Peer 1: 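Questions regarding the structure given below will be posed in turn.
Side chains included, hydrogens not; waters and symmetry mates left out as well; all remaining heavy atoms used. Predicted model only: the values in this text are computed from it and were never measured.
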Amino acid sequence: MNGRSAVRLERLREAIRRNGALPLADAATLCDVSEMTVRRDIAASNGAIISFGGHLVMADNPQFAAAYNLDAQRDRYAKAKQRLCEAVVSMIEEGDTVFVDCGTTLMPFCALLPREMNVTIVTYALNVANAFSQRDMPNMRLVVLGGLYYAASDSFGGQDVTTAIRRLGINKALISAAGVHAEKGASCFHFHEVAPKQAAIEHAERRILIADESKLDVMRAAFFAELPDFDTLLTSGDPGRTWRGRMTEEAASKIQVV
């Protein structure tokens, strides 16, 4: 490894440790080299930096290494997720077009939404789509965004998903996260979820982040938004109240704890 490569690697390490992950294109811009040069540099890093889904991460990052299992997550903090979704339902109005994110946090919402409500549901999550398709809701429209299927999160990804989101008039975006950090923002396990989340956040009239107490003070590999990007943050329990108490007055005013 030459000296210039070592300097670039140290610059990449600092950026990755600061942000959790770094898109390959951003890494090339940061170092003022081609993406191929970045790939050669990380190949010479003795496995310290790895490339995953077009992003660079530190191989020893335990939050990146932790595997997300949809079945295992389903029953974790189930009561908290139920309370959170009850609070979300109270925010939905007649005629709303609602973006529903993937994962298990919002699954109770699918069952709690009133049967007669006139609402349009937009989702790229197969489990959410299946739950709504099995309900007898005569005034609901269900828009399922397709693309490449990712079994790990039972969801779809790709350019078609984000393009479709940008063409829709979304009143409320219900966004879930695997990690919510006061300084680092909201993050998830899977990089393919980043673009749909960001498109929904960008184009919705109201953006609501929903995360149970186990997600607080946690950072996952795929960053997708800063906390000020949201109009409301819903969390749960005494840990949620303690976490809100550490925030500035302005940030705390957006946080609701159930």
Peer 1: Under 3.5 Å, side chain of Lys254 to main-chain N/O of Phe230, donor-acceptor pair present?
Peer 2: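 Yes, the answer is positive, given that a donor and an acceptor are paired below the 3.5 Å cut-off.
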Peer 1: If you apply the rule side chain to side chain donor-acceptor pair (under 3.5 Å), what do you find for Asp212 with Ser236, and how did you get there?
Peer 2: CA-CA 5 Å; Asp212 67 66; Ser236 61; 5.2 Å; no
Peer 1: When rounded to the nearest 0.5 angstrom, what distance separates CD1 in Ile16 from CG in Leu22?
Peer 2: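 Output value for this atom pair is 5.5 Å.
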Peer 1: Nearest 0.5 Å, what's the CG-CD distance between Asp238 and Glu213?
Peer 2: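 If we round to the nearest 0.5 Å, Asp238:CG and Glu213:CD are 8.0 Å apart.
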Peer 1: Taking Arg11 first and then Glu14, would you say they form a salt bridge - that is, a charged N and a carboxylate O separated by under 4.0 Å?
Peer 2: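 Looking at Arg11 and Glu14, the cut-off is not met.
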Peer 1: Before you tell me yes or no, could you show the steps for Thr120 and Arg141 under side chain to side chain donor-acceptor pair (under 3.5 Å), namely the whole-Å CA-CA distance, both residues' side-chain angles and the distance that decides it to 0.1 Å?
Peer 2: CA-CA 5 Å; Thr120 298; Arg141 290 191 301 176; 3.2 Å; yes
Peer 1: How many angstroms lie between atom OG of Ser176 and atom CG of Leu84, to the nearest 0.5 angstrom?
Peer 2: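 The OG atom of Ser176 sits 11.0 Å away from the CG atom of Leu84.
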Peer 1: Counting distance only, does the side-chain N/O of Thr123 pair as donor-acceptor with the main-chain N or O of Val100 below 3.5 Å?
Peer 2: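 Checked: pair present.
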Peer 1: If I compare all heavy atoms of Pro108 with all of Gln82, which pair ends up nearest, and what's the gap?
Peer 2: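 Shortest heavy-atom separation between Pro108 and Gln82 comes out as CB-OE1, 3.5 Å.
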Peer 1: Go through the steps for Tyr149 and Phe156 under the test ring-ring contact (aromatic ring centres under 6.0 Å, His included), then give the verdict.
Peer 2: CA-CA 4 Å; Tyr149 176 68; Phe156 299 94; 5.5 Å; yes
Peer 1: Kindly say whether Asp160 contributes a backbone atom to a donor-acceptor pair with the side chain of Thr163 at under 3.5 angstrom?
Peer 2: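 Here the side-chain-to-backbone pair does not exist.
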Peer 1: Treat each ILVMFWY residue as a node, draw an edge where side-chain heavy atoms are under 4.5 Å apart, and state whether Val89 and Met140 are in one component.
Peer 2: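 Same cluster: Val89 reaches Met140 through Ile, Leu, Val, Met, Phe, Trp or Tyr contacts under 4.5 Å.
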Peer 1: Heavy-atom distance under 4.5 Å between the side chains of Cys85 and Leu112, does that happen here?
Peer 2: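 Heavy-atom side-chain distance check passes, below 4.5 Å.
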Peer 1: Looking only at heavy atoms, which two atoms of Met137 and Pro114 are closest? And how far apart?
Peer 2: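 In this case the closest contact between Met137 and Pro114 is CE-O, 3.3 Å.
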Peer 1: Nearest 0.5 Å please: distance from the CZ atom of Arg206 over to the CD atom of Glu93.
Peer 2: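 Separation between the atoms: 8.5 Å.
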Peer 1: Say whether Ile201 and Phe223 are linked into one hydrophobic cluster, either directly or through other cluster members, by side-chain heavy-atom distances under 4.5 angstrom.
Peer 2: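 No, Ile201 and Phe223 fall in different hydrophobic clusters.
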Peer 1: Flag yes if more than 12 heavy atoms outside Arg167 fall under 6.0 Å of its CZ atom; otherwise flag no.
Peer 2: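 Count not over threshold, so no.
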Peer 1: State, yes or no, whether a side-chain contact exists between Ser5 and Thr37 at a heavy-atom distance under 4.5 Å.
Peer 2: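 A side-chain contact under 4.5 Å is absent here.
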Peer 1: Does a side-chain heavy-atom distance below 4.5 Å link Ile208 with Asp231?
Peer 2: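 Of all side-chain heavy-atom pairs linking Asp231 with Ile208, none is under 4.5 Å.
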Peer 1: Are Val218 and Val180 packed together at the side-chain level, in the sense that at least one heavy-atom pair is separated by less than 4.5 angstrom?
Peer 2: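 No, side chains not in contact.
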Peer 1: Work out which heavy atom in Leu145 is nearest to a heavy atom in Ala164; give both atom names and the distance.
Peer 2: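 Smallest interatomic distance, heavy atoms only, reads CD2-CB, 3.7 Å.
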Peer 1: Verify the neighbour count for atom CD of Glu94: are there more than 12 heavy atoms of other residues, nucleotides or ligands below 6.0 Å?
Peer 2: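 For Glu94, atom CD is crowded (more than 12 foreign heavy atoms under 6.0 Å).
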Peer 1: Checking the side chain of Ser187 only, and the main-chain atoms of Arg220 only, is there a donor and an acceptor separated by less than 3.5 Å?
Peer 2: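 Checked: pair present.
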Peer 1: Check whether any side-chain heavy atom of Asn171 sits under 4.5 Å from a side-chain heavy atom of Glu205, and report yes or no.
Peer 2: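 Yes, close enough: below the 4.5 Å cut-off.
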Peer 1: Looking at side-chain heavy atoms only, is the closest gap between Leu56 and Val38 below 4.5 Å?
Peer 2: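 SC-SC contact between Leu56 and Val38 confirmed.
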Peer 1: Minimum heavy-atom separation for Ser90 and Ala87, please, with both atom names.
Peer 2: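 Here Ser90 and Ala87 meet closest at OG-O, 2.5 Å.
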Peer 1: About how many Å separate OH of Tyr124 and OG1 of Thr162, when rounded to the nearest 0.5 Å?
Peer 2: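 Here the rounded value is 11.0 Å.
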Peer 1: Could you give the distance from CG (Asp101) to SG (Cys188), rounded to the nearest 0.5 Å?
Peer 2: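 Reported value, rounded in 0.5 Å steps: 8.0 Å.
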Peer 1: Tell me the closest heavy-atom pair linking Ala221 and Phe191, and the distance in Å.
Peer 2: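 For Ala221 versus Phe191, the nearest heavy atoms are O-CE2, 3.7 Å.
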Peer 1: For His190 and His192, indicate whether the former's side chain and the latter's backbone hold a donor-acceptor pair under 3.5 Å.
Peer 2: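 Here the side-chain-to-backbone pair does not exist.
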Peer 1: Which heavy-atom pair separates Val161 from Gly146 by the least distance, and what is that distance?
Peer 2: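 Smallest heavy-atom distance, with atoms named: CG2-O, 3.4 Å.
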Peer 1: Just wondering, more than 12 heavy atoms not from Arg241 lying within 6.0 Å of its CZ?
Peer 2: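 More than 12 heavy atoms, drawn from other residues, nucleotides or ligands, come within 6.0 Å of this atom.
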Peer 1: Quick one: does Leu209's side chain get under 4.5 Å of Asp229's, heavy atoms only?
Peer 2: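 No - every pair of side-chain heavy atoms lies 4.5 Å or more apart.
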Peer 1: Do Met91 and Leu106 belong to the same hydrophobic cluster, where Ile, Leu, Val, Met, Phe, Trp and Tyr are linked whenever their side-chain heavy atoms lie under 4.5 Å apart, directly or via other members?
Peer 2: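 Yes, it is one cluster - the side chains of Met91 and Leu106 are joined through contacts under 4.5 Å.
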Peer 1: Return yes if some donor-acceptor pair links the side-chain N/O of Asn127 with the main-chain N/O of Gly103 below 3.5 Å, else return no.
Peer 2: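 Flag set: sc Asn127 to bb Gly103 pair under 3.5 Å.
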Peer 1: With the side chain counted from C-beta on, respond yes when Val98 and Ile92 share a heavy-atom pair under 4.5 Å apart, and no when they do not.
Peer 2: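 Yes, at least one pair of side-chain atoms sits under 4.5 Å.
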